[in-house]
Amino acid sequence: MIISGPASQHLAVKVASILHDELALCEYRSFPDGEAYSQIISNLDNEVVIIQSTPTDKDIIYLLQLLDICKGLNISLVIPYFGYARQDKIFNNGEPMTARALASAMNPFLGDKSEVYLINIHSTSILSHFACRSRNLDATHLLAKEIENLGLRDPIVISPDKGAIAIAQTTATYLDTPFDYFQKTRLNGTEVYMIPKNVEVNAKDVVIIDDMITTGGTMATAAKLLHQQGANRIFVAAVHPVLTGNALIKLYRSGIKSILATDTLDKAISTISVASLIAEAIKFDSLRGMC
Ligand code: R5P
């Protein structure tokens, strides 16, 4: 039985349809003081798959509520977008490792047979904070397939910082194109500085690819640099379209042609579905469990 949290309903419907599994009827609302309320109305099987991204603090609470309702069952937990993944280290004294704190809050509900699935998690070290088996699913090939359909001319793939080199490299290999990367320093939550390294982009179509777009500052800065260096058309692609505030406006003002993103977060631009990736992983693990 597939249980969809409020943040991942479209995606959960697609996963349920691929797996021919029942989608549980759930209700989500808020009490007058803002506290979250969740209820699973359907009768539950012994084996459940919970799918819930956690872009907001409230989504984390909904997820904990679902885990509590399912306590004692065999739970597979899919968190397509894991909020706080960038708080994966203690950067300064006195700070928490929030990604670890969140995994620790979920662990009491996960048994020996449980499996946690994350998608292009910002730092794979987060997997180790889960007490049960955990996997990082890679959606890069899904993005690369769509990029191939753009009909690019003499393309190059660029990672806007060192952190996304692996995604850029995989994409470039799939497309059989060169790739390069920028060096980024974050100045604050919305601004970044990039060393204006010269990249061979003159008259080329460029794809800038990253794990996530949050405020759009990283992509917009990279796009401006690439335009200055004579790039032809610039496309941006990301697994997780967080897109806070005026991110979309910022991106289009920087001269990009279009944005490709997956549905780990349910946005208007989430046209590439990770449903098959999730379904295949669940099917594979459930077959393995029978062996
Ligand atoms: C950070 O290391 C991530 O990989 C992204 O580069 C970052 O989250 C993008 O943030 P923003 O869109 O706010 O620049």
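Read the numbers this way: they start at 1 and go in the same order the structure lists the ligands and their atoms. In what follows, every heavy atom counts, from backbone to side chain, and hydrogens, waters and symmetry copies are set aside. The first residue in the sequence is number 1, and the count goes up from there. Remember, it's a predicted structure, so these values are computed and weren't measured experimentally.
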Sub-3.5 Å pairs, protein N or O with ligand 1 N or O:
unit_1	atom_1	unit_2	atom_2	d
ligand 1	4 (O)	Asp210	OD1	3.2
ligand 1	4 (O)	Asp211	OD1	2.6
ligand 1	6 (O)	Asp161	OD2	3.3
ligand 1	6 (O)	Lys184	NZ	3.0
ligand 1	6 (O)	Asp210	OD2	2.6
ligand 1	8 (O)	Arg86	NH1	2.7
ligand 1	8 (O)	Thr214	OG1	3.4
ligand 1	10 (O)	Arg186	NH2	3.3
ligand 1	12 (O)	Thr214	N	2.8
ligand 1	12 (O)	Thr215	N	3.1
ligand 1	12 (O)	Gly216	N	2.8
ligand 1	13 (O)	Thr215	N	2.8
ligand 1	13 (O)	Thr215	OG1	2.6
ligand 1	14 (O)	Arg186	NH2	3.1
ligand 1	14 (O)	Thr218	N	2.8
ligand 1	14 (O)	Thr218	OG1	2.5

With Asn120 as reference, evaluate Asp211, Asp138, Thr264 under the side chain to side chain donor-acceptor pair (under 3.5 Å) test and give the passing residue. Asp138

Let's go through Gln65 and Asp68 carefully: what are the C-alpha distance in whole Å and the side-chain angles of both, what is the deciding distance for side-chain hydrogen bond (donor to acceptor under 3.5 Å, both in side chains) to 0.1 Å, and is it a yes or a no? CA-CA 5 Å; Gln65 290 180 331; Asp68 193 71; over 6 Å; no

Other hydrophobic cluster members with Ile61, side-chain heavy atoms of Ile/Leu/Val/Met/Phe/Trp/Tyr under 4.5 Å, chained? none

Do the non-hydrogen side-chain atoms of Ile50 and Cys70 ever get within less than 4.5 Å of each other? yes

Counting C-beta onward and ignoring hydrogens, is there a side-chain heavy-atom pair between Pro55 and Phe82 closer than 4.5 Å? no

For Tyr37, is the NZ or CZ atom of Arg29 found under 6.0 angstrom from the centre of its six-membered ring and inside 45 degrees of the ring axis? yes

